[in-house]
Amino acid sequence: MMDALPDHGSTGRLSLAWLSSLKWVLKKNVKCPFCLQVRKKMVEKYVREESMIRGPKFLTTLRSHTVWEHTPVNLYCTVEGYPTPFVKWCETDDTAQYTAVASNIHGQVSTQASVIVKIYPVLLSSAVPMLPEIKYTKINITFLETFGSVFGTEGDTVTLAATMNISPNLANLQPEAQWFRDDHRLSDSKWVKIESGRGETKLTLPHLNKDDEGVYTLRMVTKGGDAAHSAFVSCADGPPPVPGSPGAPMDIKIHDANRDYVIVSWKPPNTTTEGPIIGYFVDRCETGTENWVQCNDSPIKICKYPVPGLFEGHSYYFRVRAINSKGISKPSRMSDPIAALDPTEFERLHAIKLGGKLDVVTYYDDVEDEKKVPGTPSKLHAPETDRTYVVLSWKPAPYHGRAPVWYYIEKVAETGAWQRVNTQVPVRSPRYAVFDLAEGKQYLFRVLAANMYGSSEASEPTEPIQTQELRGVPSAPGQVVATRQTDTSLVIQWAEPKEPNNLIGYYIDVCVKGSKDWDSANHKPHKSNKFVVQGLTTGETYVFRVQAINELGLSDESQESSPLSVKAALTIPSAPYDIALLACDGESMVLNWKRPVHSGGSPVAEYYINKRRHGEHTWREVNIPPIKERLFKVEHLSAGAVYEFMVYGGSLAGLGAPSAPSKAFHCDAWTMPEPGPAYDMTFCEIRDDSVVVEWKAPIYTGASPITGYFVDFAKKGSDEWHCSNESHAVSHRYHKVTGLEAGVSYVFRVRAANSEGAGKPSLASNPVVAKAVEGTEMTCTVDKESGDIILSFESCQITESSHFVWKKFYKEITDFSKEIVIKTEGSTSKLIFKHPDQGDVGCFSVSVTNTDGVSASHEIHAEELEKMLAKSYGIRHPVIPLKTQLAYKILERGRMCFWLQAEHISSAVTYKFFANNKELSANDVRCTTSGQGPRSHNVGTGIIEFVLDHFTEDSEGTFTVQIEDGKARGQSSLVLIGDDFKAALADAEHQRSEYIRVKEVQSCLFVWAGPPLCGSRVYCFIMQVDNLKKETALHWFKDDVEITPEGPANLASGACKTHGFYFFLSPGSSAAELAIHCTATGIQLHCHMKYYTEEMKIHWLHAESKLSHSEKVHIGGTPAMAIMEILEPTEKDKGLYHIQIIDTENTYSRTIDLSGDGKQFCDYMISTFLDRGKVLGGLPDVVTIMEKKTLSLTCTVCGDPKPQVTWFKNGAEVYPDDQYLVSLESGKFASLTIKGVTLENSGRYTMTVQNKYGGESVDIVVSIYKHGDTIPQAKPTCWTST
């Protein structure tokens, strides 16, 4: 370890190599400049002993070389130290020796080597043998296990490992494992750990950070080549310190390190879901400490900051934090340590030979001692400019004096007066950053050199230097295009922004189509405009957007890309086939062909045709622009010639293989009167005995219009054709062929006919097997919510490239003007009629592409449509059904109550009341709800009431209530006119006058219980009576025995009086014997008595031990009994239990014995509680299912011993057979399965669980309905226990 010498004016550093060797010089007191300098420095030497800090040390020293002339030679050495040492190379004067000097702030060391150069002898030069060509051993490397893409979070530990087979596996010739991140080679460090051995290698990221994100590549390098494997590592932001705060910045870089300042730059984080960043804080920490100091008082908005005020010779770490409106982010990963040193210090080093093996490395300043002024600096320029600062650099004049040199910088702006910039701090290195300049303004600079003897002339001024203007963030990137790569990744490309403004990189966001949950695809800026998004879900559809970044922040988002689903890597399509000639006029031919069997993962959208004359070998292109349809007219042919054709299919993956050459077609004009062949046969609704064939009309129609078509079929491999419709030609271009044999393969062809007869048949189709595909049933229903008529089809087969094709009369539906909607979700597609009418009668079909002929059809007849339209109208215009129309009843005081009762109403129901077409206000109407409090309706009964307090002669007329409950409406009216009104008014007036004349006699008996008195309770019975007469008498009775109060009642005429008496009651005398009861949680002991309160003096005892309330024992009661409950009883809870009821005179005791073999034996209670058969749940109360489906009723049971499970239907036991399957797995899981349910299976099913301690039973109501019927409603039943 080299010691550091403190700086006193001019710095001198001495090498350990010669310090020990020159001890004799010091002892001899030799008076030379070197010895004096050494003696001076030796006194002031000190050592820093921190474990993190060490001076430079050579691990491998320089080695001398002897080489031929004109031969290159490499001198290398290995040095370590902290901070990382700087290495300076020196050539010793007049020798062939080279010296490497390593230095950091804690010291310096040197190493030396000689280079001897030999010249070839002239006479023997031709005889010098040439070195033989080096032949390397070929080593084959095969990866056995590799690493895949990793998606981690900040702070995770990530390991990438690979194993390989090395052949030949030579111990002394092992391949070198090299790890790269984005083409930057990695080595062992605090953040990266690399381990390699025979046949395996591993890279570990112990503390994952966004700086670690990128493509990691392992290269196994040998002399004969290398083997490589790559994968992407993603690092998402960890949990923020404050919700909504941004992620941490990244990629902290240190620029222009000098004696007292550095420039720190970084990259901003992505803010996909967080708010925009408003600034940054820069922190610094001196090495060897943990004291972080904030460098800027207010947030800075750009991603670059000059940090002044550093101490020369000190090393620092830096980190950055981002700020938004929610808070401050976590700090970034700290930078590598950087020392505040003079970058030109090594240029002043000088190595001098002392003789023998001794040399001295020192500064020119320490050798010469001339008292002179330094020369004028030159070549002043600005290598870096920014918005508010300029970095100046210049070349010092040659100077070898011992007096230290410093520099003064001056600037001039528009005023023309030179101003000195560094008046406080002298600059010692020929590089300086001038801060606090105006943005976008021009300046001139000059520099002066000075020492203790004076200053030089000013240098030549610079050219006008203009600081940068704030240009803002980049413009948004251009069009974003996504293309497929693998089944879990997509390639994203975009156009660069038109205004990059010092572009740093890009952030890519990804979102599942249909949602707005954007997520970051990368968390570290990506430099190029092409990015591979990894970790996507196969089959999912995504959209993408991109943002550009510069030091000021993020641009606006680009436009979203077109949605693209993630599929396997694309391949080129297979070859088209079956080229057919459809028409010929002597100069052109119309061709058709069949699409490739395999599309390669993307649609075959382009075709190219080649042609040649029969007998030739050269193919010529027919079309340059691609053909979009499988129908093309080849023109410019020679009449009478014979041609062959070949077709290529193209997709996104490229051009596929060519088809086989077609048959030889003669270019002779067609003149036959019959039609040409039909083409493009397709098949749907393939069943065991039928198939529907579709085709396109012939191009050549013949001498007259086409009147119909004939469909022929034959078994595969047979030439015997049969016509399916020989008796009559079909006028439309589809036909259902019946009478087929199940499982037999058939081929089909079509012949068009006109008035001249049937024409040429089409080419035979591909073979079709007459076999029904399961799950090809289409349903037609009316939506219960919207009233739409819906044709629904669920495909039993579907692929990523499949889509549903809906047709009417086997013609694809393309007219959606009537608001016909096709909605597809997963494997289900629906044809929805938003506004159905009589025009929707017809045959509708659907087919699923890229499947084994999955298709279905449904014909809507006029009668069926009429019923569905009526049902649709009822759903769209629902009426609230009423049990009772509006009626009235007369209440006390002559009030009139109008009421009605609906079948059912919800809590959201609203209504209005009208009298003679005038809405009644709240002042006119008092709403009531049949005793339900202040609410205006009763949901349970459906009753709505409104009360008129004043029903008078002016009230004659019509009373109406209008109800609205969701979309449903209802109305009811009551007409009260003429005699009906007079009768109602008379009743109301009679009730009103009768109430005024004679108020009803009302009485109420009150019981007042006083506080306990000496173990007894004092009760006071009070009778309140209204409308009494003077002669009224009151008599009190107890159990039909009259009781005489202490004094007579005081009854005043017409007044409301009370009367009562007092008596004492002791509860102990009325206590019954203790009773035992088993509950779901334990055992209860009951003691019934006249009354019970918690204030009573009652004790519970177990075997003479007093019990108190605890988690194990609950003590309490009801007004009629005292209760003690033992929770989860065990063997220890057996024994004798007492209850003691104490009053002023006596103690009453009741006892029960919970031991022995009697009926109160405790084991019975414990077993009843713990071990009886029970149902733990899982069964519904009501099941509604369509017939022909399979019903499975499953639940969990328990008990010890294992219970027996029995199923009943309507009270009769169910036995297993072909339809019923009863099972009990592991004694826990009981199930009843009914296959192919029918209407006869409806009913009440009961499951009984029973063992020797008891059991439970559960009822399930099963309701079966036919396809197309309204789903019935059934009321649930209750569970019962036995």
**Q** Is the closest side-chain donor-acceptor distance between Asp578 and Tyr679 under 3.5 Å?
**A**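 There is no such pair between these side chains.
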**Q** Please evaluate residues Trp593 and Tyr607 with respect to the criterion ring-ring contact (aromatic ring centres under 6.0 Å, His included), reporting the C-alpha separation (whole Å), side-chain torsions for both, the decisive distance (0.1 Å), and the verdict.
**A** CA-CA 10 Å; Trp593 55 90; Tyr607 294 95; 5.5 Å; yes
**Q** Under 3.5 Å, is there a donor-acceptor pair between the side chain of Asn725 and the main chain of Val711?
**A**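 Judged by distance alone, yes, a pair lies under 3.5 Å.
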**Q** Can you check side-chain contact (heavy atoms from CB on, under 4.5 Å) on Thr483 and Leu490, steps first, answer last?
**A** CA-CA 6 Å; Thr483 55; Leu490 295 175; over 6 Å; no
**Q** For Thr701, is there any backbone N or O sitting under 3.5 Å from a side-chain donor or acceptor partner on Asn754?
**A**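 The answer is yes, because a donor-acceptor pair under 3.5 Å joins these two groups.
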**Q** Among pairs that include at least one residue of residues 811-837, which meet ring pair (Phe, Tyr, Trp, His ring centres under 6.0 Å), considering only residues two or more places apart or in two chains?
**A**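 Applying ring pair (Phe, Tyr, Trp, His ring centres under 6.0 Å) to every pair that reaches into residues 811-837, excluding sequence neighbours, yields Phe833-Phe844.
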**Q** Looking only at the side chains, is there a donor atom on one of Thr1238 and Glu1240 sitting less than 3.5 Å from an acceptor on the other?
**A**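 Their side chains do contain a donor-acceptor pair, which is all the 3.5 Å distance test asks for.
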**Q** Using side chain to side chain donor-acceptor pair (under 3.5 Å) as the criterion, list what pairs up with Glu674, not counting sequence neighbours.
**A**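 Not a single residue meets the side chain to side chain donor-acceptor pair (under 3.5 Å) criterion with Glu674.
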**Q** If I compare all heavy atoms of Ser972 with all of Leu882, which pair ends up nearest, and what's the gap?
**A**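 In this case the closest contact between Ser972 and Leu882 is CB-CD1, 3.9 Å.
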**Q** Mind checking the CG-CG spacing from Leu831 to Leu791? Nearest 0.5 Å is all I need.
**A**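 Rounded to the nearest 0.5 Å, the CG-CG separation comes to 5.5 Å.
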**Q** Please determine if Arg969 and Glu964 form a salt bridge, counting it only when a charged side-chain N lies under 4.0 Å from a carboxylate O.
**A**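 Counted as a salt bridge, because a side-chain N and a carboxylate O are separated by less than 4.0 Å.
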**Q** Verify, without hydrogens or angle tests, whether Gln1219 (side chain) and Ile1234 (backbone) share a donor-acceptor contact under 3.5 angstrom.
**A**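 No, Gln1219 side chain to Ile1234 backbone: no donor-acceptor pair under 3.5 Å.
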**Q** Ser786: what forms a side chain to side chain donor-acceptor pair (under 3.5 Å) with it, not counting sequence neighbours?
**A**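 With sequence neighbours excluded, Ser786 shows a side chain to side chain donor-acceptor pair (under 3.5 Å) to Asp783, Asp788, given in chain and number order.
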**Q** Is Glu1187 close to Lys1189 at the side-chain level, that is, under 4.5 Å between some pair of heavy atoms?
**A**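 Sidechains of Glu1187 and Lys1189: no contact.
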**Q** Side chains of Ser845 and Trp806: is there a donor and an acceptor less than 3.5 Å apart?
**A**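 Result is no, nothing qualifies.
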**Q** Looking only at side-chain N and O atoms, does Thr1194 offer a donor or acceptor that is under 3.5 Å from a partner on Ser1231?
**A**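 No, Thr1194 and Ser1231 have no side-chain donor paired with an acceptor closer than 3.5 Å.
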**Q** Say whether Ser795 and Ser827, considering side chains only, have a donor N or O and an acceptor N or O under 3.5 Å apart.
**A**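 The answer is no; no qualifying pair exists.
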**Q** Does the Tyr542 side chain pair with the main chain of Thr537, one donor and one acceptor, at a distance under 3.5 Å?
**A**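 Indeed, once roles are kept as given, a pair shorter than 3.5 Å links the two residues.
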**Q** Are more than 12 heavy atoms, taken from residues, nucleotides or ligands other than Glu629, located less than 6.0 Å from that residue's CD atom?
**A**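 Atom CD in Glu629 is not crowded, with 12 or fewer foreign heavy atoms closer than 6.0 Å.
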**Q** Is a side-chain donor-acceptor pair under 3.5 Å present for Ser847 with Ser855?
**A**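 Short answer, no.
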**Q** For Thr849 and His803, indicate whether the former's side chain and the latter's backbone hold a donor-acceptor pair under 3.5 Å.
**A**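 Yes; judged by distance alone, with no hydrogens or angles, the pair exists.
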**Q** What about Phe713 and Trp721, are their ring centers closer than 6.0 Å?
**A**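 Ring-ring flag for Phe713/Trp721: false, centres at least 6.0 Å apart.
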**Q** Under the side-chain contact (heavy atoms from CB on, under 4.5 Å) criterion, do Ile686 and Val692 qualify, and how do the steps go?
**A** CA-CA 7 Å; Ile686 301 173; Val692 175; over 6 Å; no
**Q** To the nearest 0.5 Å, what is the distance between CZ on Arg751 and OH on Tyr709?
**A**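 Rounded to the nearest 0.5 Å, the CZ-OH separation comes out at 13.5 Å.
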**Q** Quick one: SG on Cys723 to CZ on Arg749, what's the gap to the nearest 0.5 Å?
**A**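 So the SG of Cys723 and the CZ of Arg749 are separated by 9.0 Å.
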**Q** Quick check for you: to the nearest 0.5 Å, what is the distance between Thr781 atom OG1 and Lys871 atom NZ?
**A**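 Separation between the atoms: 8.0 Å.
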**Q** Which value, rounded to the nearest 0.5 Å, describes the distance between Thr884 atom OG1 and Leu900 atom CG?
**A**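 Here the interatomic distance stands at 8.0 Å.
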**Q** Using the test side chain to side chain donor-acceptor pair (under 3.5 Å), find all partners of Ser857 that sit at least two apart in sequence or belong to another chain.
**A**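 Counting only residues at least two positions away or on another chain, Ser857 forms a side chain to side chain donor-acceptor pair (under 3.5 Å) with Glu685.
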**Q** Check Ile1264, Val1183, Thr1190 against Val1237 for a side chain to side chain contact (heavy atoms under 4.5 Å, CB included) and give me the one that passes.
**A**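 The passing option is Ile1264.
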**Q** Quick one: side-chain hydrogen bond (donor to acceptor under 3.5 Å, both in side chains) pairs with a partner in residues 732-746, sequence neighbours left out?
**A**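 As it turns out, the side-chain hydrogen bond (donor to acceptor under 3.5 Å, both in side chains) pairs with a partner in residues 732-746, which skip direct neighbours, are Lys715-Glu741, Ser724-His735.
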**Q** Determine, stepwise, if the pair Glu606 / Lys628 fulfils side-chain contact (heavy atoms from CB on, under 4.5 Å).
**A** CA-CA 5 Å; Glu606 300 176 350; Lys628 302 298 182 181; 3.6 Å; yes
**Q** Determine whether Asp688 and Lys771 satisfy the following criterion, salt bridge (charged side-chain N to carboxylate O under 4.0 Å, His left out), listing intermediate values before the conclusion.
**A** CA-CA 4 Å; Asp688 289 341; Lys771 183 179 181 181; over 6 Å; no
**Q** Do we see a donor-acceptor contact under 3.5 Å between the side chains of Ser704 and Ser755?
**A**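 There is such a pair (donor and acceptor under 3.5 Å, judged by atom type) between the side chains of Ser704 and Ser755.
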**Q** Please report the interatomic distance CD(Glu825) to CD(Glu794), rounded to the nearest 0.5 Å.
**A**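 It comes to 11.5 Å.
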**Q** Look at the side chain of Asp712 and the backbone N and O of Val750, then say whether any donor-acceptor pair between them is shorter than 3.5 Å.
**A**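 Judged by distance alone, no pair lies under 3.5 Å.
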**Q** With sequence neighbours excluded, tell me which residues meet side chain to side chain donor-acceptor pair (under 3.5 Å) with Thr1246.
**A**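 Side chain to side chain donor-acceptor pair (under 3.5 Å) list for Thr1246, sorted by chain: Arg1244, Asp1259.
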**Q** Would you say CD of Glu726 has more than 12 non-hydrogen atoms from neighbouring residues, nucleotides or ligands within 6.0 angstrom?
**A**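 Incorrect, the count does not exceed 12.
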**Q** Verify, without hydrogens or angle tests, whether Asn938 (side chain) and Ile943 (backbone) share a donor-acceptor contact under 3.5 angstrom.
**A**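 Checking the backbone N and O of Ile943 against the side chain of Asn938, no donor-acceptor pair under 3.5 Å is found.
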**Q** Do the ring planes of Phe793 and Phe804 sit parallel (below 30°), tilted (30 to 60°) or perpendicular (above 60°)?
**A**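 Aromatic pair Phe793/Phe804 classed perpendicular.
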